[in-house]
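Below, chain A is the first sequence line, B the second, and so on; all start at residue 1.
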Protein chains: 2
Amino acid sequence: MLHEDVVGRIRAILLDGEIPPGARIPERELCERLQISRTPLREALKVLAAEGLVQLLPHRGSRAAKLTDKDMRDLFEVCQGLEALAGELACERISDAEIGAIGTAHDEMVRHYREGDLIQYYRGNRAIHEAIVAAAGNPALTGLYASVTARIRRARYVTPMTPQRWALAVKEHEAILNALQRRDGAGLSHILRAHLRHKREEVLQAGFAETEANDLGLRIA
Amino acid sequence: MLHEDVVGRIRAILLDGEIPPGARIPERELCERLQISRTPLREALKVLAAEGLVQLLPHRGSRAAKLTDKDMRDLFEVCQGLEALAGELACERISDAEIGAIGTAHDEMVRHYREGDLIQYYRGNRAIHEAIVAAAGNPALTGLYASVTARIRRARYVTPMTPQRWALAVKEHEAILNALQRRDGAGLSHILRAHLRHKREEVLQAGFAETEANDLGLRIA
DNA sequence: TTTTACATTTTTGAATGCAAAATTTGGGAT
DNA sequence: ATCCCAAATTTTGCATTCAAAAATGTAAAA
(Lines give C-alpha, C1' and ligand atoms only; values in the text may rest on other atoms or scores of the structure.)
Protein backbone atom coordinates (compact mmCIF):
# COMPACT_ATOMS: atom_id res chain seq x y z
CA MET A 1 0.00 0.00 0.00
CA LEU A 2 1.32 3.37 -1.01
CA HIS A 3 0.14 5.73 1.68
CA GLU A 4 1.38 3.48 4.50
CA ASP A 5 4.78 3.50 2.91
CA VAL A 6 4.62 7.25 2.51
CA VAL A 7 3.88 7.71 6.19
CA GLY A 8 6.99 5.73 7.04
CA ARG A 9 9.18 7.62 4.64
CA ILE A 10 8.04 11.04 5.76
CA ARG A 11 8.37 9.96 9.37
CA ALA A 12 11.96 8.97 8.64
CA ILE A 13 12.59 12.34 6.99
CA LEU A 14 11.24 14.13 10.03
CA LEU A 15 13.08 11.96 12.54
CA ASP A 16 16.33 12.37 10.64
CA GLY A 17 15.82 16.07 11.02
CA GLU A 18 16.07 16.57 7.30
CA ILE A 19 13.07 18.81 7.71
CA PRO A 20 13.91 20.55 10.98
CA PRO A 21 11.25 21.18 13.64
CA GLY A 22 9.19 24.22 12.85
CA ALA A 23 10.07 24.21 9.15
CA ARG A 24 7.45 24.21 6.44
CA ILE A 25 6.75 20.93 4.69
CA PRO A 26 6.58 21.69 0.97
CA GLU A 27 3.93 19.42 -0.53
CA ARG A 28 4.99 19.94 -4.11
CA GLU A 29 8.63 19.20 -3.40
CA LEU A 30 7.89 16.04 -1.45
CA CYS A 31 5.54 14.85 -4.16
CA GLU A 32 8.29 15.08 -6.73
CA ARG A 33 10.81 13.48 -4.44
CA LEU A 34 8.61 10.55 -3.48
CA GLN A 35 7.13 10.32 -6.98
CA ILE A 36 3.55 10.40 -5.76
CA SER A 37 0.62 12.74 -6.18
CA ARG A 38 -0.66 15.05 -3.52
CA THR A 39 -3.53 12.83 -2.42
CA PRO A 40 -1.54 10.08 -0.64
CA LEU A 41 0.94 12.67 0.61
CA ARG A 42 -1.78 14.70 2.24
CA GLU A 43 -3.30 11.57 3.75
CA ALA A 44 0.08 10.70 5.21
CA LEU A 45 0.52 14.20 6.61
CA LYS A 46 -2.79 13.96 8.40
CA VAL A 47 -1.81 10.64 9.93
CA LEU A 48 1.47 12.15 11.09
CA ALA A 49 -0.42 15.11 12.50
CA ALA A 50 -2.54 12.68 14.51
CA GLU A 51 0.72 11.18 15.78
CA GLY A 52 1.96 14.59 16.80
CA LEU A 53 4.91 14.76 14.42
CA VAL A 54 3.30 17.32 12.12
CA GLN A 55 1.28 20.45 12.78
CA LEU A 56 -1.46 21.41 10.32
CA LEU A 57 -2.29 25.08 9.97
CA PRO A 58 -5.56 25.83 8.13
CA HIS A 59 -4.81 27.16 4.67
CA ARG A 60 -1.25 27.71 5.72
CA GLY A 61 0.16 24.27 5.15
CA SER A 62 1.88 21.83 7.43
CA ARG A 63 5.03 22.18 9.48
CA ALA A 64 7.30 19.72 11.22
CA ALA A 65 6.13 19.77 14.82
CA LYS A 66 8.07 22.25 16.89
CA LEU A 67 8.21 21.14 20.50
CA THR A 68 8.60 23.64 23.26
CA ASP A 69 10.58 22.76 26.36
CA LYS A 70 7.26 22.21 28.09
CA ASP A 71 6.15 19.81 25.38
CA MET A 72 9.40 17.94 25.76
CA ARG A 73 9.09 17.66 29.51
CA ASP A 74 5.48 16.53 29.18
CA LEU A 75 6.41 13.82 26.71
CA PHE A 76 9.23 12.65 28.96
CA GLU A 77 6.84 12.40 31.83
CA VAL A 78 4.50 10.26 29.78
CA CYS A 79 7.41 8.19 28.58
CA GLN A 80 8.42 7.69 32.20
CA GLY A 81 4.94 6.54 33.09
CA LEU A 82 4.74 4.14 30.18
CA GLU A 83 8.15 2.64 30.94
CA ALA A 84 7.26 2.23 34.58
CA LEU A 85 4.02 0.53 33.63
CA ALA A 86 5.86 -1.67 31.15
CA GLY A 87 8.35 -2.62 33.83
CA GLU A 88 5.62 -3.66 36.23
CA LEU A 89 3.80 -5.68 33.61
CA ALA A 90 7.00 -7.20 32.31
CA CYS A 91 7.83 -8.50 35.78
CA GLU A 92 4.58 -10.44 35.77
CA ARG A 93 5.08 -11.95 32.34
CA ILE A 94 8.68 -11.91 31.24
CA SER A 95 10.33 -15.22 30.43
CA ASP A 96 13.78 -16.30 31.56
CA ALA A 97 14.91 -16.17 27.95
CA GLU A 98 13.80 -12.56 27.60
CA ILE A 99 15.57 -11.66 30.84
CA GLY A 100 18.66 -13.35 29.49
CA ALA A 101 18.47 -11.37 26.25
CA ILE A 102 18.10 -8.11 28.13
CA GLY A 103 21.04 -9.11 30.32
CA THR A 104 23.16 -9.66 27.22
CA ALA A 105 22.06 -6.33 25.78
CA HIS A 106 22.91 -4.73 29.10
CA ASP A 107 26.41 -6.18 29.13
CA GLU A 108 26.94 -4.94 25.60
CA MET A 109 25.74 -1.51 26.58
CA VAL A 110 28.12 -1.45 29.54
CA ARG A 111 30.92 -2.41 27.17
CA HIS A 112 30.11 0.57 24.97
CA TYR A 113 30.08 2.70 28.08
CA ARG A 114 33.58 1.49 29.02
CA GLU A 115 34.73 2.16 25.45
CA GLY A 116 33.23 5.62 25.65
CA ASP A 117 31.08 5.08 22.55
CA LEU A 118 28.10 7.27 23.33
CA ILE A 119 26.20 6.57 20.10
CA GLN A 120 26.37 2.81 20.56
CA TYR A 121 25.59 3.22 24.24
CA TYR A 122 22.42 5.11 23.38
CA ARG A 123 21.48 2.49 20.85
CA GLY A 124 21.86 -0.25 23.44
CA ASN A 125 20.03 1.80 26.03
CA ARG A 126 17.09 2.26 23.72
CA ALA A 127 17.10 -1.43 22.81
CA ILE A 128 16.86 -2.39 26.48
CA HIS A 129 13.93 -0.11 27.16
CA GLU A 130 12.19 -1.34 24.04
CA ALA A 131 12.81 -4.92 25.10
CA ILE A 132 11.23 -4.24 28.48
CA VAL A 133 8.23 -2.64 26.80
CA ALA A 134 7.96 -5.60 24.44
CA ALA A 135 8.20 -8.00 27.38
CA ALA A 136 5.11 -6.38 28.86
CA GLY A 137 3.20 -8.19 26.13
CA ASN A 138 0.86 -5.27 25.56
CA PRO A 139 0.68 -4.13 21.93
CA ALA A 140 -1.37 -1.06 22.81
CA LEU A 141 1.36 0.00 25.21
CA THR A 142 4.06 -0.79 22.67
CA GLY A 143 2.35 1.37 20.08
CA LEU A 144 1.91 4.34 22.36
CA TYR A 145 5.47 4.04 23.59
CA ALA A 146 6.76 4.00 20.02
CA SER A 147 4.73 7.08 19.22
CA VAL A 148 5.95 9.01 22.25
CA THR A 149 9.60 8.05 21.85
CA ALA A 150 9.48 8.96 18.17
CA ARG A 151 8.51 12.48 19.11
CA ILE A 152 11.34 12.95 21.60
CA ARG A 153 13.95 10.82 19.87
CA ARG A 154 15.84 13.69 18.32
CA ALA A 155 16.19 15.49 21.61
CA ARG A 156 17.35 12.31 23.27
CA TYR A 157 20.44 12.19 21.12
CA VAL A 158 21.57 15.75 21.49
CA THR A 159 21.85 15.30 25.21
CA PRO A 160 25.21 16.45 26.53
CA MET A 161 26.27 13.58 28.76
CA THR A 162 28.62 14.35 31.60
CA PRO A 163 30.77 11.53 32.99
CA GLN A 164 28.89 11.74 36.28
CA ARG A 165 25.48 11.44 34.68
CA TRP A 166 26.65 8.66 32.46
CA ALA A 167 27.99 6.69 35.41
CA LEU A 168 24.72 7.24 37.25
CA ALA A 169 22.71 6.04 34.29
CA VAL A 170 24.75 2.86 34.05
CA LYS A 171 24.32 2.28 37.74
CA GLU A 172 20.59 2.72 37.43
CA HIS A 173 20.55 0.27 34.60
CA GLU A 174 22.24 -2.27 36.84
CA ALA A 175 19.42 -1.78 39.31
CA ILE A 176 16.83 -2.11 36.53
CA LEU A 177 18.27 -5.40 35.38
CA ASN A 178 18.46 -6.58 38.96
CA ALA A 179 14.82 -5.78 39.66
CA LEU A 180 13.79 -7.49 36.44
CA GLN A 181 15.71 -10.61 37.38
CA ARG A 182 14.02 -10.62 40.76
CA ARG A 183 10.74 -9.85 39.00
CA ASP A 184 10.19 -7.05 41.50
CA GLY A 185 7.54 -5.03 39.69
CA ALA A 186 7.03 -2.34 42.29
CA GLY A 187 10.76 -1.86 42.74
CA LEU A 188 11.38 -1.74 39.01
CA SER A 189 8.62 0.80 38.54
CA HIS A 190 10.25 2.95 41.18
CA ILE A 191 13.69 2.72 39.62
CA LEU A 192 12.41 3.43 36.12
CA ARG A 193 10.72 6.57 37.33
CA ALA A 194 13.90 7.80 38.95
CA HIS A 195 15.89 6.74 35.88
CA LEU A 196 13.82 8.74 33.50
CA ARG A 197 13.58 11.65 35.88
CA HIS A 198 17.35 11.97 35.65
CA LYS A 199 17.22 11.68 31.88
CA ARG A 200 14.55 14.33 31.78
CA GLU A 201 16.78 16.78 33.59
CA GLU A 202 19.51 16.14 31.08
CA VAL A 203 17.23 16.65 28.13
CA LEU A 204 15.78 19.82 29.51
CA GLN A 205 19.21 21.36 29.46
CA ALA A 206 19.77 20.06 25.95
CA GLY A 207 16.36 21.39 25.03
CA PHE A 208 17.33 24.91 25.88
CA ALA A 209 20.53 24.63 23.90
CA GLU A 210 18.73 23.21 20.91
CA THR A 211 16.07 25.87 21.04
CA GLU A 212 18.71 28.56 20.86
CA ALA A 213 20.36 26.78 17.96
CA ASN A 214 17.08 26.54 16.12
CA ASP A 215 16.31 30.17 16.66
CA LEU A 216 19.72 31.03 15.36
CA GLY A 217 19.25 28.75 12.39
CA LEU A 218 15.94 30.34 11.57
CA ARG A 219 17.44 33.78 11.65
CA ILE A 220 20.27 32.77 9.37
CA ALA A 221 17.89 31.08 6.94
CA MET B 1 -11.78 23.14 8.08
CA LEU B 2 -13.81 20.34 6.62
CA HIS B 3 -11.75 17.26 7.31
CA GLU B 4 -11.28 18.14 11.00
CA ASP B 5 -15.02 18.39 11.36
CA VAL B 6 -15.46 15.11 9.52
CA VAL B 7 -13.10 13.34 11.91
CA GLY B 8 -15.20 14.49 14.83
CA ARG B 9 -18.47 13.45 13.23
CA ILE B 10 -17.27 10.00 12.27
CA ARG B 11 -15.73 9.57 15.69
CA ALA B 12 -19.10 10.36 17.21
CA ILE B 13 -20.78 7.85 14.91
CA LEU B 14 -18.31 5.18 15.97
CA LEU B 15 -18.48 5.99 19.67
CA ASP B 16 -22.26 6.01 19.59
CA GLY B 17 -22.03 2.53 18.19
CA GLU B 18 -24.09 3.52 15.20
CA ILE B 19 -21.53 1.61 13.18
CA PRO B 20 -20.87 -1.34 15.46
CA PRO B 21 -17.33 -2.68 16.03
CA GLY B 22 -16.24 -4.92 13.20
CA ALA B 23 -18.77 -3.55 10.73
CA ARG B 24 -17.80 -2.22 7.35
CA ILE B 25 -17.67 1.53 6.91
CA PRO B 26 -19.32 2.29 3.57
CA GLU B 27 -17.52 5.25 1.99
CA ARG B 28 -20.25 5.96 -0.51
CA GLU B 29 -22.99 5.98 2.12
CA LEU B 30 -21.08 8.22 4.52
CA CYS B 31 -20.22 10.62 1.71
CA GLU B 32 -23.90 11.10 0.93
CA ARG B 33 -24.82 11.39 4.57
CA LEU B 34 -22.16 13.96 5.42
CA GLN B 35 -22.54 15.69 2.05
CA ILE B 36 -18.84 15.55 1.28
CA SER B 37 -16.70 13.92 -1.34
CA ARG B 38 -14.53 10.89 -0.77
CA THR B 39 -11.28 12.81 -0.38
CA PRO B 40 -11.90 14.42 3.03
CA LEU B 41 -13.72 11.30 4.17
CA ARG B 42 -10.76 9.10 3.40
CA GLU B 43 -8.40 11.56 5.09
CA ALA B 44 -10.58 11.41 8.17
CA LEU B 45 -10.65 7.61 8.12
CA LYS B 46 -6.87 7.49 8.04
CA VAL B 47 -6.66 9.81 11.02
CA LEU B 48 -9.12 7.64 12.91
CA ALA B 49 -7.10 4.58 11.94
CA ALA B 50 -4.04 6.23 13.48
CA GLU B 51 -6.12 6.74 16.62
CA GLY B 52 -7.06 3.09 16.66
CA LEU B 53 -10.78 3.56 16.13
CA VAL B 54 -10.76 2.29 12.55
CA GLN B 55 -9.00 -0.59 10.87
CA LEU B 56 -7.89 -0.20 7.26
CA LEU B 57 -7.74 -3.32 5.14
CA PRO B 58 -5.83 -2.95 1.86
CA HIS B 59 -8.24 -2.92 -1.04
CA ARG B 60 -10.92 -4.17 1.29
CA GLY B 61 -12.06 -0.93 2.82
CA SER B 62 -12.24 0.19 6.42
CA ARG B 63 -14.03 -1.29 9.39
CA ALA B 64 -14.92 0.02 12.82
CA ALA B 65 -12.18 -1.32 15.06
CA LYS B 66 -13.13 -4.61 16.61
CA LEU B 67 -11.38 -5.05 19.92
CA THR B 68 -10.62 -8.49 21.23
CA ASP B 69 -10.72 -9.16 24.94
CA LYS B 70 -6.96 -9.01 24.89
CA ASP B 71 -7.05 -5.60 23.21
CA MET B 72 -9.49 -4.43 25.85
CA ARG B 73 -7.36 -5.63 28.71
CA ASP B 74 -4.27 -4.07 27.14
CA LEU B 75 -5.98 -0.73 26.78
CA PHE B 76 -7.21 -0.88 30.35
CA GLU B 77 -3.71 -1.54 31.54
CA VAL B 78 -2.45 1.48 29.65
CA CYS B 79 -5.33 3.54 30.96
CA GLN B 80 -4.40 2.44 34.46
CA GLY B 81 -0.80 3.48 33.93
CA LEU B 82 -1.79 6.87 32.56
CA GLU B 83 -4.22 7.55 35.39
CA ALA B 84 -1.63 6.53 37.96
CA LEU B 85 0.91 8.81 36.32
CA ALA B 86 -1.64 11.61 36.20
CA GLY B 87 -2.39 11.12 39.87
CA GLU B 88 1.24 11.38 40.83
CA LEU B 89 1.79 14.48 38.72
CA ALA B 90 -1.44 16.03 39.89
CA CYS B 91 -0.34 15.71 43.51
CA GLU B 92 2.70 17.81 42.73
CA ARG B 93 0.80 20.54 40.91
CA ILE B 94 -2.86 20.55 41.79
CA SER B 95 -4.32 23.71 43.29
CA ASP B 96 -6.64 23.87 46.28
CA ALA B 97 -9.39 25.09 43.97
CA GLU B 98 -9.00 22.07 41.72
CA ILE B 99 -9.07 19.74 44.70
CA GLY B 100 -12.21 21.48 45.85
CA ALA B 101 -13.84 21.03 42.45
CA ILE B 102 -12.98 17.36 42.41
CA GLY B 103 -14.36 17.04 45.92
CA THR B 104 -17.62 18.57 44.77
CA ALA B 105 -17.76 16.26 41.78
CA HIS B 106 -17.05 13.38 44.10
CA ASP B 107 -19.92 14.31 46.43
CA GLU B 108 -22.22 14.55 43.45
CA MET B 109 -21.10 11.16 42.23
CA VAL B 110 -21.75 9.66 45.65
CA ARG B 111 -25.22 11.19 45.57
CA HIS B 112 -25.91 9.47 42.27
CA TYR B 113 -24.62 6.27 43.81
CA ARG B 114 -27.05 6.60 46.69
CA GLU B 115 -29.85 7.31 44.24
CA GLY B 116 -28.86 4.24 42.25
CA ASP B 117 -28.43 6.26 39.05
CA LEU B 118 -25.72 4.28 37.32
CA ILE B 119 -25.57 6.43 34.19
CA GLN B 120 -25.07 9.63 36.13
CA TYR B 121 -22.65 7.85 38.43
CA TYR B 122 -20.53 6.84 35.45
CA ARG B 123 -20.66 10.35 34.11
CA GLY B 124 -19.42 11.74 37.40
CA ASN B 125 -16.81 9.02 37.69
CA ARG B 126 -15.43 9.87 34.30
CA ALA B 127 -15.46 13.58 35.09
CA ILE B 128 -13.36 12.97 38.19
CA HIS B 129 -10.74 10.94 36.38
CA GLU B 130 -10.61 13.52 33.62
CA ALA B 131 -10.22 16.28 36.19
CA ILE B 132 -7.30 14.45 37.76
CA VAL B 133 -5.69 14.01 34.37
CA ALA B 134 -6.27 17.68 33.61
CA ALA B 135 -4.78 18.63 36.97
CA ALA B 136 -1.57 16.89 35.97
CA GLY B 137 -1.03 19.86 33.66
CA ASN B 138 0.40 17.69 30.90
CA PRO B 139 -1.34 18.14 27.54
CA ALA B 140 0.52 15.22 25.98
CA LEU B 141 -0.80 12.99 28.74
CA THR B 142 -4.27 14.45 28.40
CA GLY B 143 -4.30 13.72 24.69
CA LEU B 144 -3.13 10.15 25.04
CA TYR B 145 -5.60 9.54 27.84
CA ALA B 146 -8.44 10.87 25.72
CA SER B 147 -7.42 8.63 22.86
CA VAL B 148 -7.22 5.53 25.03
CA THR B 149 -10.47 6.17 26.87
CA ALA B 150 -12.27 6.82 23.59
CA ARG B 151 -11.37 3.34 22.44
CA ILE B 152 -12.66 1.62 25.57
CA ARG B 153 -15.53 3.96 26.33
CA ARG B 154 -18.25 1.81 24.90
CA ALA B 155 -17.14 -1.23 26.87
CA ARG B 156 -16.95 0.85 30.01
CA TYR B 157 -20.63 1.58 29.93
CA VAL B 158 -21.92 -1.90 29.29
CA THR B 159 -20.29 -3.04 32.51
CA PRO B 160 -22.72 -4.99 34.66
CA MET B 161 -22.23 -3.43 38.09
CA THR B 162 -22.97 -5.56 41.11
CA PRO B 163 -23.83 -3.80 44.37
CA GLN B 164 -20.64 -5.13 45.92
CA ARG B 165 -18.40 -3.85 43.13
CA TRP B 166 -20.20 -0.55 43.13
CA ALA B 167 -19.71 -0.11 46.83
CA LEU B 168 -16.05 -1.00 46.47
CA ALA B 169 -15.61 1.51 43.66
CA VAL B 170 -17.14 4.27 45.77
CA LYS B 171 -14.90 3.34 48.66
CA GLU B 172 -11.87 3.47 46.42
CA HIS B 173 -12.92 6.86 45.21
CA GLU B 174 -13.01 8.07 48.79
CA ALA B 175 -9.43 6.92 49.12
CA ILE B 176 -8.49 8.62 45.85
CA LEU B 177 -9.93 11.92 46.99
CA ASN B 178 -8.23 11.53 50.35
CA ALA B 179 -4.81 10.90 48.80
CA LEU B 180 -5.30 13.88 46.50
CA GLN B 181 -6.15 16.13 49.41
CA ARG B 182 -3.06 14.95 51.23
CA ARG B 183 -1.15 15.30 47.96
CA ASP B 184 0.22 11.83 48.51
CA GLY B 185 1.41 11.02 44.99
CA ALA B 186 2.82 7.57 45.66
CA GLY B 187 -0.26 6.54 47.62
CA LEU B 188 -2.61 7.90 44.98
CA SER B 189 -0.74 6.07 42.26
CA HIS B 190 -1.10 2.87 44.23
CA ILE B 191 -4.81 3.32 44.78
CA LEU B 192 -5.48 4.23 41.16
CA ARG B 193 -3.77 1.09 40.00
CA ALA B 194 -5.89 -1.04 42.27
CA HIS B 195 -8.99 0.97 41.31
CA LEU B 196 -8.58 0.32 37.64
CA ARG B 197 -7.57 -3.27 38.20
CA HIS B 198 -10.98 -3.83 39.73
CA LYS B 199 -12.65 -2.05 36.86
CA ARG B 200 -10.68 -4.11 34.41
CA GLU B 201 -12.04 -7.29 35.89
CA GLU B 202 -15.56 -5.97 35.50
CA VAL B 203 -15.02 -4.97 31.92
CA LEU B 204 -13.48 -8.27 30.99
CA GLN B 205 -16.66 -9.99 31.99
CA ALA B 206 -18.68 -7.42 30.08
CA GLY B 207 -16.32 -7.88 27.16
CA PHE B 208 -17.21 -11.51 26.86
CA ALA B 209 -20.90 -10.72 26.95
CA GLU B 210 -20.56 -8.03 24.32
CA THR B 211 -18.51 -10.24 22.06
CA GLU B 212 -21.23 -12.82 22.08
CA ALA B 213 -23.81 -10.17 21.30
CA ASN B 214 -21.74 -8.93 18.39
CA ASP B 215 -21.29 -12.40 17.01
CA LEU B 216 -25.01 -12.88 17.24
CA GLY B 217 -25.62 -9.55 15.58
CA LEU B 218 -23.27 -10.40 12.75
CA ARG B 219 -24.99 -13.70 12.16
CA ILE B 220 -28.39 -12.04 12.03
CA ALA B 221 -27.16 -9.35 9.67
C1' DT C 1 10.75 57.25 1.43
C1' DT C 2 7.21 54.73 3.47
C1' DT C 3 2.77 52.85 3.48
C1' DT C 4 -1.33 51.04 1.66
C1' DA C 5 -4.32 49.16 -1.77
C1' DC C 6 -4.70 46.09 -5.56
C1' DA C 7 -3.49 42.52 -8.88
C1' DT C 8 -0.80 38.33 -9.71
C1' DT C 9 1.02 34.13 -8.28
C1' DT C 10 1.38 30.33 -5.41
C1' DT C 11 -0.48 27.04 -2.45
C1' DT C 12 -3.99 24.79 -0.06
C1' DG C 13 -8.50 22.18 0.22
C1' DA C 14 -11.94 19.50 -1.95
C1' DA C 15 -14.26 17.19 -6.12
C1' DT C 16 -13.94 14.37 -9.94
C1' DG C 17 -11.98 10.91 -13.00
C1' DC C 18 -9.53 6.71 -13.98
C1' DA C 19 -7.12 2.23 -13.32
C1' DA C 20 -6.65 -1.81 -10.37
C1' DA C 21 -8.34 -4.98 -7.04
C1' DA C 22 -12.06 -7.38 -4.79
C1' DT C 23 -16.77 -8.90 -4.42
C1' DT C 24 -20.71 -10.49 -6.56
C1' DT C 25 -23.30 -12.83 -10.12
C1' DG C 26 -24.29 -16.07 -13.62
C1' DG C 27 -23.39 -20.19 -16.26
C1' DG C 28 -21.67 -24.69 -16.85
C1' DA C 29 -19.85 -29.12 -15.28
C1' DT C 30 -20.01 -32.86 -12.02
C1' DA D 1 -28.64 -29.87 -6.64
C1' DT D 2 -24.03 -28.37 -5.64
C1' DC D 3 -19.64 -26.74 -6.66
C1' DC D 4 -16.45 -24.18 -9.39
C1' DC D 5 -14.84 -20.88 -12.54
C1' DA D 6 -15.27 -16.77 -15.32
C1' DA D 7 -17.47 -12.29 -16.45
C1' DA D 8 -19.68 -8.11 -14.63
C1' DT D 9 -20.19 -4.88 -11.04
C1' DT D 10 -18.76 -2.55 -7.25
C1' DT D 11 -15.31 -0.50 -4.48
C1' DT D 12 -10.89 0.98 -3.46
C1' DG D 13 -6.53 3.75 -4.31
C1' DC D 14 -4.32 7.28 -6.63
C1' DA D 15 -3.95 11.08 -10.12
C1' DT D 16 -5.80 15.04 -11.91
C1' DT D 17 -8.60 19.07 -11.92
C1' DC D 18 -11.05 22.96 -10.01
C1' DA D 19 -12.04 26.59 -6.61
C1' DA D 20 -10.69 29.33 -2.73
C1' DA D 21 -7.50 31.31 0.44
C1' DA D 22 -3.05 33.19 1.48
C1' DA D 23 1.42 35.03 0.08
C1' DT D 24 3.86 38.04 -2.94
C1' DG D 25 4.90 41.77 -5.74
C1' DT D 26 3.82 46.32 -7.70
C1' DA D 27 2.30 50.75 -8.07
C1' DA D 28 0.33 54.87 -6.41
C1' DA D 29 -0.43 58.19 -2.77
C1' DA D 30 0.85 60.42 1.48
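- Of the options E130(A), H129(A), E83(A), a side chain to side chain donor-acceptor pair (under 3.5 Å) to Y145(A) is made by E83(A) and by none of the others.
- Rounded to whole angstrom, the span from the CG atom of L57(A) across to the C1' atom of dA23(D) amounts to 14 Å.
- An OP1 or OP2 oxygen of dT9(C) is reached within less than 4.0 angstrom by no side-chain nitrogen or oxygen of R28(A).
- A distance-only check finds no donor-acceptor pair linking the side chain of D74(A) to the backbone of D71(A) [under 3.5 Å].
- Closest to the side chain of P40(B), out of dA15(C), dC14(D), dG13(D), is dA15(C).
- Between E18(B) and R33(B), at least one side-chain nitrogen of the basic residue sits less than 4.0 Å from a carboxylate oxygen of the acidic one, meeting the salt-bridge criterion.
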Which pairs of donor and acceptor atoms, one on a side chain in residues 39-57 of chain A, lie under 3.5 Å apart (sequence neighbours left out)?
| residue | atom | partner | partner atom | Å |
| --- | --- | --- | --- | --- |
| R42(A) | NH1 | E27(A) | OE2 | 3.1 |
| E51(A) | OE1 | R11(A) | NH1 | 2.5 |
| E51(A) | OE2 | R11(A) | NH1 | 2.9 |

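- With values rounded to the nearest 0.5 angstrom, I94(A) atom CD1 is found 4.5 Å from I99(A) atom CD1.
- Atom CD of Q35(B) is separated from atom P of dT16(C) by 11 Å (rounded to the nearest Å).
- Rounding to whole angstrom units, CZ of residue R42(A) and P of dG13(D) are separated by 18 Å.
- In the displayed structure, R183(A) atom CZ is contacted under 6.0 Å by more than 12 heavy atoms of other residues, nucleotides or ligands.
- In this structure, NE2 of H59(A) is placed 15 Å from C1' of dT10(C), rounded to the nearest angstrom.
- Taking atom CG on L34(B) and atom C1' on dA15(C), their separation rounds to 15 Å, with Å as the unit.
- For E43(A) and dC14(D), the CD to C1' distance is 8 Å, given to the nearest whole Å.
- Side-chain nitrogen and oxygen atoms of R60(A) include none within less than 4.0 Å of the OP1 or OP2 phosphate oxygen of dT12(C).
- Minimum atom distance to the side chain of I36(A) is reached by dA15(D), of the listed dA22(D), dA22(C), dA15(D).
- Salt-bridge check for E108(A) with R123(A): failed, with every basic side-chain N at 4.0 Å or more from each acidic carboxylate O.
- Other residues, nucleotides and ligands place no more than 12 heavy atoms under 6.0 Å from the CZ atom of R60(B).
- Within 6.0 Å of atom CZ in R111(A), more than 12 heavy atoms from other residues, nucleotides or ligands are found, so the atom counts as buried in its surroundings.
- When base pairs are accepted only as Watson-Crick or G-U wobble with both N-N or N-O distances under 3.5 Å, DNA chain C takes part in stems of 3 or more pairs at C:1-30 with D:1-30.
- For the pair L30(B) CG and dT11(D) P, the interatomic distance rounds to 13 Å; values are reported in whole Å.
- The interatomic distance linking D5(B) (CG) with dA14(C) (P) rounds to 10 Å, in whole Å.
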Review item, nucleotides 16-18 of chain D N/O atoms under 3.5 Å of protein N/O:
| residue | atom | partner | partner atom | Å |
| --- | --- | --- | --- | --- |
| dT16(D) | O4 | T39(A) | OG1 | 3.2 |

